[in-house]
Amino acid sequence: MTVEDIATQSFEGGAGALVPAPPSGARQVWRRLRGRPAALAGGAVIVLLVLVAVGAPLLAALEGQDTTSYHAGLVDSASGGVPLGHFGGVSGSHWLGVEPGTGRDLFARLAYGARVSLGVAFGASVLQVLIGVTLGLAAGLGNRWVDGLLSRITDIFVVMPALILAIALLAVVPGGFPRPVLLTLVLGLLAWGGFAKIVRAQVLAQKSLDYVAASRLAGSSPWRTARRELLPALVAPVLSYAAVTLPTNIVSEAGLSFLGIGVTPPTPSWGQMLSSATTWYQADSAYVLLPAALLFVTVLAFTVFAEGVRAALDPRAASRLRVGTRAGRRGGEVAAEPATAPAADGPAGSARTTGTPNGGGTA
Amino acid sequence: MNGLPAFLVRRVLQAVLVLLVLAAVLYAVFYLAPGDAARLACGPKCSPAQVAQIRGQMGLGDPVYLQFWHFLQGIVTGHTYSTGTGSLHCPAPCLGQSYRTGELVTHLIGEKLPATASLALGAMVLWLVIGVGTGLVSALRRGGITERLLTGFTLVGVATPVFITGILLLLVFCSWLQWLPYPTYVPITDDPQQWAWNLLLPWLALALVEAAKYARLTRSSMLETLAEDHIRTFRAYGVGEGAVVRRHALRGALTPVIALSALDLGTMFGGALLTETLFGIPGLGQQLVQSVQMKDLPVVVGIVLVMGLAVVVANAVADVLYAFADRRVVLA
């Protein structure tokens with residue numbers, strides 16, 4: 001038996017005992033999260049929204065309506081299509097009223113809109129995490145050239161006004177391509193820079209620690225080391241950053257749809273409803289208030305929840321982040337964050353690093 | 001301030017690289033897109049022969065890398081276009097010609113810039129007053145009701161996208177209360193009073209969102225500064241609390257605020273796309289959205305380069321301001 005075999009044996013055989021536990025076990029995180037009522041409330045709202053999104057067909061069936069049927073009889077054609085009745089045409093068969101102009105059912109459209117909002121945001125976040133973690137790991141573990149190349153590419157993506165590129169990409173892809181999928185791809189492919197930076201920094205910090213060196217000495221391949229030793233250490237920072245980027249992605253989708261280049265009718269999306277509401281706000285304020293309120297509550301819930309998650313995963317980092325230090329000073333106007341992607345108001349590619357959904361570039 | 005020249009050189013090189021990549025990507029994206037720029041430029045009633053002639057004049061038959069190269073040349077040396085009957089000279093930072101209207105992109109940007117600048121500057125004044133004001137008050141009166149109100153205000157501000165704030169302002173002030181007419185942009189040179197009156201709502205919409213961020217930053221930065229050793233020393237020497245705050249703490253506390261303002265101003269000079277679109281302000285952001293939808297590549301690339309330039313310059317200015325105000329910062 002060689003020395004190497006012994007090392008391998010002792011490390012692999014006793015993996016449970018020798019590998020240090022990740023800094024925050026799931027139970028510990030849950031305990032810290034439980035102590036934050038605001039975060040819990042945000043989480044509850046998120047669960048509710050996810051249920052609405054998943055059960056949208058069920059809810060619409062319960063109401064007996066769908067998202068696309070026109071109800072010309074419910075709008076006043078003399079006034080150009082203002083819904084008849086109070087609060088935008090609320091009735092027993094149309095629980096939240098109907099869309100001005102077309103008479104399409106608003107409850108069904110809002111419920112289905114949740115699918116677009118949450119689906120695009122979650123999908124884009126997953127894509128961002130996958131790309132960011134892969135490239136960040138590669139940069140952190142690779143040699144000088146790999147790191148240099150990947151870091152430059154990441155820098156460009158971080159600085160790039162992602163919102164503007166998103167607009168350009170969305171404008172040139174033919175209309176036949178399903179828009180929600182396209183939005184997910186565009187947001188996901190453009191705004192992963194922050195993840196790559198965080199992961200690279202974390203890998204560089206962990207790489208020099210004894211347990212990683214031990215794994216390498218024991219003969220693990222770099223890939224195996226990355227998977228077994230480094231990935232667990234990345235969970236906390238990646239998760240807390242993902243929690244922050246999720247509301248950013250929601251705002252980006254809504255913003256792009258609001259500009260008329262994201263989700264287009266007849267597919268319902270809250271941003272697209274707000275966009276058409278701009279021509280109706282004087283005649284039918286309910287049509288403005290419903291999607292605005294939903295979007296607001298959603299972003300608020302995700303933001304509050306993200307702050308809770310961040311604090312629960314790493315209490316010290318959370319208090320550090322809240323302080324207005326150099327690291328925290330970069331913000332932006334919408335979807336494009338410095339370390340962020342497209343969010344709110346402004347083309348800056350620089351808003352991604354901030355934790356605010358509006359720090360991005362589209363205002 | 002050691003290393004400032006090296007820092008600036010590095011920053012400029014980085015900026016040029018980013019802008020080049022951005023322009024190249026946009027060129028590639030639009031080149032691959034379906035649609036024929038020459039047909040767009042010519043209009044729907046053109047015969048195939050006319051389209052072919054336009055294509056030749058505009059160099060659209062060239063391979064895309066050559067077109068891109070000519071575009072880059074134009075920025076440095078200018079460009080002269082033949083228009084069939086005569087020629088049109090486009091002086092040195094030449095960003096090309098709109099496919100749609102034939103207007104020089106630099107002219108177009110010059111036309112749109114005042115509206116964007118009006119929006120950005122006015123909003124900045126408002127958000128600094130509101131944001132820094134509330135931030136300072138809540139830092140100096142810790143634990144009071146102001147602090148709790150501020151926490152709520154910043155949370156709401158951070159969670160509200162600007163198009164929601166904007167549309168709610170329109171709903172309340174133009175539709176329900178009818179205090180203000182629906183905003184239509186009036187140039188400041190025409191009528192300064194109408195200019196400000198019509199921009200009030202867009203300014204507020206932008207400023208409320210931004211002010212939340214600034215309030216939070218000012219507050220934490222002030223608290224941090226007040227906890228520093230030199231402040232404790234001033235207090236120990238018997239300097240009054242008011243003087244400590246005004247003469248000594250403010251400088252340190254407002255440094256990040258100033259730096260962030262430079263950054264945000266740069267971002268907004270690029271055009272607040274959503275705000276401009278919502279309120280119909282004829283600025284760079286609105287033009288960009290329209291040009292993208294009309295696939296007017298030269299205008300898109302031109303505006304994006306100007307926006308990118310504004311952001312990159314603002315980034316560098318923010319870093320330099322930061323380093324000037326706080327000598328501990330190392331430029332890198």
Side-chain angles (χ1 to χ4, degrees), chain A residues 155-156 159-161 163-165 167-169 171-174 247 251 254-255 258-261 271 274-275 277-278 281-282 285 288-289 292 295-296 299-300 303-304 322-326 328-334 338 343-351 354 356-359 361-363, chain B residues 14 17-18 21-22 25-26 29-30 32-35 155-164 167-168 170-171 174-176 206 209-210 213 216-218 220-221 224 256 259-260 263-264 266-268 270-275 277-278 288-289 292-293 295 300 304 307-308 311-312 315 322 329:
Chain A
D155 280 346
I156 287 178
V159 182
M160 192 106 75
L163 185 78
I164 294 171
L165 263 184
I167 293 175
L169 283 170
V172 299
V173 174
V251 173
F258 178 80
L259 289 175
I261 28 204
L274 272 176
S275 161
T278 51
Y281 72 93
Q282 281 167 311
S285 43
V288 178
L289 292 175
L295 202 49
F296 171 72
V299 177
L300 189 64
T303 308
V304 172
R322 227 170 292 146
V323 172
T325 53
R326 190 175 157 83
R329 85 180 164 78
R330 288 176 181 258
E333 209 199 342
V334 178
D345 198 79
S350 61
T354 62
T356 65
N358 286 318
T362 11
Chain B
Q14 194 191 3
L17 181 68
V18 168
V21 171
L22 197 57
V25 169
L26 286 173
V29 165
F30 279 84
L32 292 173
L155 198 58
V156 169
V158 161
T160 322
V162 67
F163 49 93
I164 292 189
I167 205 168
L168 291 181
L170 280 176
L171 191 64
C174 302
S175 186
W176 291 349
L206 266 183
V209 170
E210 291 290 312
K213 198 169 74 189
R216 191 145 81 155
L217 179 64
T218 307
S220 57
S221 150
E224 204 184 346
L260 184 62
L263 211 59
D264 280 343
T267 306
M268 282 189 209
L273 306 186
L274 294 170
T275 315
T277 303
L278 173 62
L288 177 71
V289 174
V292 164
Q293 283 167 326
K295 303 202 169 68
V300 173
V304 168
M307 288 179 166
V311 172
V312 171
N315 259 301
Y322 210 83
V329 173

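Protein chains get the first letters and strands the later ones, always in sequence-line order, with residue 1 at the start of each.
Of the listed residues T277(B), L170(B), L288(B), L168(B), the one with more heavy-atom pairs under 4.5 angstrom with chain A than any other is L170(B). Among the candidates L26(B), V292(B), V21(B), the residue making the largest number of heavy-atom pairs closer than 4.5 Å to chain A is V292(B).
Shown here for T303(A) and P247(A), the closest heavy-atom pair between the two residues is OG1-CB, 4.1 Å. A pairwise comparison of heavy atoms in L259(A) and Q293(B) identifies O-NE2, 3.7 Å as the closest pair. Of all the heavy atoms in A254(A) and L295(A), the pair that sits closest is CB-CD2, 3.6 Å. Contact detail for L171(B) and S285(A): the closest heavy-atom pair is CD1-CB, 3.5 Å.
S275(A) contributes no side-chain N or O that, together with a main-chain N or O of G271(A), makes up a donor-acceptor pair within less than 3.5 Å.
Interface remark: V300(B) contributes no atoms to any contact with chain A (heavy atom separation under 4.5 Å). For a residue to count as touching a neighbouring chain, one of its non-hydrogen atoms must lie under 4.5 Å from one of that chain's; by this rule I164(B) touches chain A with the side chain only. Only the side chain of F258(A) comes within less than 4.5 Å of a heavy atom of chain B; its backbone N, CA, C and O stay farther away.
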